[in-house]
Structure formats: C-alpha cells, structure tokens
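Naming convention: chains lettered A, B, ... in sequence-line order (proteins, then strands); numbering from 1 in each chain.
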There are 2 protein chains.
Amino acid sequence: MSTPGRGLHGRVLDTLGPAITAGEYPAGSVLRTDELAQRFEVSRSVMREAVRVLESMHLVESRRRVGVTVLAECEWNVYDPQVIRWRLAGSERPRQLRSLTVLRSAVEPVAAGLAARLATPEQCAELTECALGMVANSRGHRLEEYLFHDVAFHRVVLTASGNEMFARLGGVVAEVLAGRTHHDVMFEDPDPAAVTLHVQVAEAVRARDAERAERLTREITEGALQELDILAP
Amino acid sequence: MSTPGRGLHGRVLDTLGPAITAGEYPAGSVLRTDELAQRFEVSRSVMREAVRVLESMHLVESRRRVGVTVLAECEWNVYDPQVIRWRLAGSERPRQLRSLTVLRSAVEPVAAGLAARLATPEQCAELTECALGMVANSRGHRLEEYLFHDVAFHRVVLTASGNEMFARLGGVVAEVLAGRTHHDVMFEDPDPAAVTLHVQVAEAVRARDAERAERLTREITEGALQELDILAP
DNA sequence: TGTGACATATAAGTCTGACTTTTTGTTCCC
DNA sequence: GGGAACAAAAAGTCAGACTTATATGTCACA
C-alpha cells in the first residue's frame with residue numbers, strides 16, 4: 001500500500017513513526033539523538049534528518065540541552081498522509097477509522113454538490129462508469145472489484161468538486177473503504193441500497209442537480225457512520 | 001503569527017518554502033543540494049535537513065543522480081499547517097482562502113451538530129461566553145476584539161465535536177477569519193445577522209438540539225462563502 | 001532563609017572532508 | 001539499431017571536531 005522508506009532515514013522512520021503514533025512513548029518522553037542513532041545503527045546525520053521529519057509532523061520537538069521531546073497527540077499533524085498510515089497500522093486503527101469516517105460524512109456531501117455544478121463531461125462519464133462497475137460487482141463476493149470501483153467513484157467526486165482540499169482527501173477515503181472491506185465488517189455482498197445510491201448520485205451529478213447529489217451522498221455517508229455505530233445516543 | 005524558523009535549517013525553509021509554494025519553481029524544476037547550500041550559505045548537512053522537511057511535505061522529491069525535483073501542486077500536503085501559512089502569505093492567498101472557506105462550509109456544520117450532542121457543560125459555557133463577547137464587540141469598530149471572540153467560538157465548536165480531525169482545523173479557521181478581518185473585506189462592523197446566528201448556535205448546543213445547531217452553522221458558513229463570491233453560477 | 005549571579009555540564013546544532021551508492025546517459029561493439 | 005559495458009554526477013552515508021544555547025546546580029550575599 002505505502003512505499004517503504006527511501007534511504008536510511010526512511011527506514012528509521014518506518015520504525016520510529018509507528019512507535020510514536022502508537023503512543024509507545026508517552027507525551028513528554030525525552031529521547032536523545034545520539035542514543036537513537038546507536039539504537040538504529042545509523043550515523044548522527046541520518047538520525048538528525050529523521051528527527052527533522054518527525055518535527056515537521058509535530059510529533060516531536062527538538063530543543064538544545066533537553067533532547068527530542070515527544071509531543072501530545074493534540075499537537076500532531078493528523079492530516080499528514082504518513083501519520084494517517086502509521087496510525088491506521090497500529091492499535092489506534094478503530095478510533096482513527098471513526099475519525100476519518102466522520103470527516104468523510106462532512107466533506108463528501110458538499111463535494112458532491114460542488115461536483116454537480118462543476119464536473120466536466122468526462123468526469124460525469126467516469127462517475128457513471130464507476131457506478132456501473134459497482135453494480136456489476138455487487139453480487140457474488142466480488143469484493144475486490146467492488147472496492148476498486150467504489151474508491152474510484154469517490155475519488156472522482158472529490159476531484160470534480162474543484163476544491164483541492166477535498167481532492168486531497170481521496171487517499172483518506174481509499175484507506176477507509178479498503179479498511180472496511182479488508183479488516184472490519186463486510187463479509188457478505190455490499191448493501192444493495194448503497195449501490196443504488198451511488199448510481200443515483202452519478203445521475204444527479206450528470207443532471208447538474210446539486211441539491212440532490214448532496215442529499216444522496218449524505219445518505220451514503222450516514223450509512224458508513226451507522227456501520228461503525230457512530231450514532232446519536 | 002507563526003514562529004520564525006528554529007535553527008539554520010528553519011531559516012532556509014522560511015525562504016525556500018514560500019518560494020516553492022508560490023510556484024517560483026515550476027513543477028519538475030530540479031535543484032541541487034550543493035548549489036542550494038552555497039546560495040543560502042549553510043553547510044550541506046543543514047541543507048539536507050531542510051530538503052528532508054520539504055520532502056515530508058511532498059513539495060519536492062530527492063533522487064540520486066538527479067537532484068531535488070519540485071513536485072506538482074496536486075502532490076503537496078495542503079493540510080500541513082506550515083504549507084497553509086506559506087500559501088496564505090503568497091500571491092495564491094485569495095485562492096487558498098477560498099479553498100479553506102469551502103472546507104469550513106463542509107466541516108463546521110457537522111462539527112456543530114456533534115458538539116450539540118457531546119459538548120461538556122464547561123464547553124457550553126465557553127461557547128455562550130464567546131457569543132456574548134461577539135455581541136459586545138459587534139459595534140463601534142472593535143474589530144480585533146470581535147475577531148478574538150469569533151475565533152474562540154469556532155475553536156470551541158470544533159473541539160467540542162469530539163473529533164480530532166475537526167479539532168485540528170481550529171488553526172485553519174483562525175487564519176481564515178483573521179485574513180478576512182485584516183486583509184480583505186470588513187471595513188465596517190460585522191453583519192448583525194451573523195452575530196445573532198452565533199448566539200443562536202450557542203443556544204442550540206446548550207439545548208442539545210443537534211439538528212438546529214447544524215442548520216444555523218450552515219447559515220453562518222454560507223454567509224462566509226457569499227462574502228467571497230463562491231456561489232452557484 | 002531566600003535570592004540573584006555565576007559557573008558548569010549537557011545535548012543539540014553546525015561544519016568539513018572523505019567515501020559509497022545509485023542512476024543516467026554515453027559510447028562502443030556486435 | 002540494439003544491447004552491454006563504462007563513466008560521470010549527484011545524493012547518500014559516515015566520522016570527528018567544534019560551537020552554542022540552556023537547564024541546573026552552586027555559592028555568596030542580603
């Protein structure tokens with residue numbers, strides 16, 4: 001799924017990043033660059049580069065005479081794709097998946113509404129194609145093929161919204177959908193109602209009906225919330 | 001507003017980051033670490049650390065025998081607070097402000113709905129206090145005081161939503177609101193209707209009326225969209 | 001006893017130079 | 001013309017020496 005770390009500093013991050021995001025070092029823990037360099041058997045320069053990257057993600061803070069301090073979770077750049085991947089790979093996966101699904105429920109309906117206004121004819125066609133692909137693979141345990149078209153569908157919607165902030169969430173949605181298919185629920189075929197909704201969204205976008213596209217997408221994301229038991233008490 | 005770069009590599013980033021995000025180096029441009037080190041009069045190690053940070057933001061990619069390649073805008077980590085600040089400081093500011101306002105319009109109503117369900121009594125009190133502060137400073141060109149309470153209000157809503165992804169957008173909202181007050185429109189007192197809406201949102205949250213809190217917040221954000229002329233054609 | 005100035009130790013920060021590794025592009029031969 | 005061998009270029013890595021900021025402890029003085 002994600003590329004393994006390029007270069008030595010990348011290898012270090014592949015171990016240190018997940019460890020920190022997993023909460024292995026509580027906030028306030030102090031590490032020393034020299035010690036880390038010895039532990040990972042790399043030179044100080046390599047370790048310094050790794051620390052700089054962690055610092056840019058606001059996972060740690062480096063201060064003279066003190067060392068490398070692990071920051072509190074509320075400081076982390078939780079939108080950094082790398083941080084998201086690390087957290088999805090760890091024990092915090094369920095909580096992370098919930099956070100991201102709530103984010104989806106806010107963003108995707110608005111994105112669909114914008115897409116209905118701004119999508120190019122090509123994007124409309126792509127959307128229809130994806131929806132048809134979902135229909136075609138919605139029966140007979142063709143989960144991988146279904147997932148592929150599902151991800152593509154949502155990516156097109158987010159891109160067609162014309163908002164770069166939305167577009168950049170395509171990867172997040174892909175992770176969430178893949179997570180749902182591979183790890184969590186979904187042992188049987190997808191909900192036919194959800195499939196129908198996707199087809200209808202594609203129709204609404206093509207028909208330039210923003211209000212309808214938004215409402216239908218909201219139904220889709222509310223279904224996703226319910227699957228994870230995120231409801232009003 | 002933002003802290004100046006810590007250490008030499010931070011100083012380098014303070015000029016190189018804005019330059020890249022401003023599109024000064026078109027996508028595909030190739031830089032060489034040694035040359036950059038000379039240009040900024042720092043050692044190669046310092047320059048390498050700076051490049052590592054830019055790489056973690058997906059602004060550049062470093063490859064052997066090639067150099068440091070500037071990546072296309074669609075690759076950038078546009079949610080990185082540092083990247084957001086750099087772009088807001090450059091000529092792309094208006095476009096960036098629009099993107100972020102659209103994001104707000106998606107996120108804040110949902111966050112307000114969640115806040116109505118999950119806010120602690122303390123948060124409800126804070127919210128009311130902020131709204132009252134806005135009312136008290138809504139007349140007589142007390143723009144700074146008004147802004148202060150406005151920012152606090154939206155931060156509380158985002159935090160009270162209980163979703164960390166929402167909570168981390170507090171800084172973004174602060175930038176957008178500050179930008180509106182300082183640079184763009186708003187020479188006169190804020191719209192009384194908007195002030196009233198904030199008060200009503202605070203009431204709705206305290207009354208645990210999620211649906212109402214969401215709808216009212218949507219009205220607020222739609223007002224923000226209209227200010228920037230983001231409308232259906 | 002408390003407080004301020006000063007000394008000291010510590011860990012990050014910086015610089016330099018030498019060496020390694022990967023990758024690209026060229027050249028040369030079949 | 002195509003493929004293999006080769007050379008050059010730039011990033012990557014390492015080791016060591018030195019600098020700087022700063023937390024903390026010490027001591028004198030009030």
**Request:** Mind checking S45(B) for me? I need base, sugar-phosphate or nothing, with any heavy atom below 4.0 Å counting as a touch.
**Result:** base

**Asked** For E35(B), does the CD atom have more than 12 heavy-atom neighbours from other residues, nucleotides or ligands under 6.0 Å away?
**Response** yes

Sub-3.5 Å pairs of nitrogen or oxygen atoms, protein against nucleotides 16-19 of chain D:
residue: dA17(D); atom: N6; partner: R44(A); partner atom: NH2; Å: 2.9

**Request:** Tell me, please, the opening and closing nucleotides of DNA chain C, 5' to 3', among those with an atom under 4.0 angstrom from a non-hydrogen atom of chain B.
**Result:** dT14(C) to dT24(C)

**Message:** Among residues at least two apart in sequence or on other chains, which ones pass ring-ring contact (aromatic ring centres under 6.0 Å, His included) with Y79(A)?
**Reply:** Y79(B)

Cationic N near anionic O, under 4.0 Å, [X] to [Y]:
X: E227(B); Y: R104(B); value: no
X: R6(B); Y: E61(A); value: no
X: E55(B); Y: R52(B); value: yes

**Prompt:** Is a donor-acceptor pair below 3.5 Å formed from side chain R65(B) to base dA10(D), judging by atom type as modelled?
**Reply:** no

**Message:** On DNA chain D, does the nearest nucleotide to V42(A) precede the nearest nucleotide to R63(A) from the 5' side, or the other way round? Give the residue.
**Reply:** V42(A)

In whole angstroms, how far is the [atom2] atom of [N] from the [atom1] atom of [X]?
X: L31(B); N: dA9(D); atom1: CG; atom2: C1'; value: 16 Å
X: M47(A); N: dG12(D); atom1: CE; atom2: P; value: 17 Å
X: E55(B); N: dG12(D); atom1: CD; atom2: P; value: 7 Å
X: F40(A); N: dC14(D); atom1: CZ; atom2: P; value: 14 Å
X: D34(B); N: dA9(D); atom1: CG; atom2: C1'; value: 11 Å
X: R11(A); N: dC14(D); atom1: CZ; atom2: P; value: 11 Å

Is the shortest heavy-atom distance from the side chain of [X] to the side chain of [Y] under 4.5 Å?
X: F148(B); Y: E145(B); result: no
X: H182(B); Y: L147(B); result: yes
X: F40(B); Y: V46(B); result: no

**Option passing salt bridge (charged side-chain N to carboxylate O under 4.0 Å, His left out) with D150(A) (candidates R180(A), R142(A), R155(A))** = R180(A)

**Request:** Answer yes or no: does a side-chain N or O of R6(A) lie under 4.0 Å from OP1 or OP2 of dG12(D)?
**Result:** no

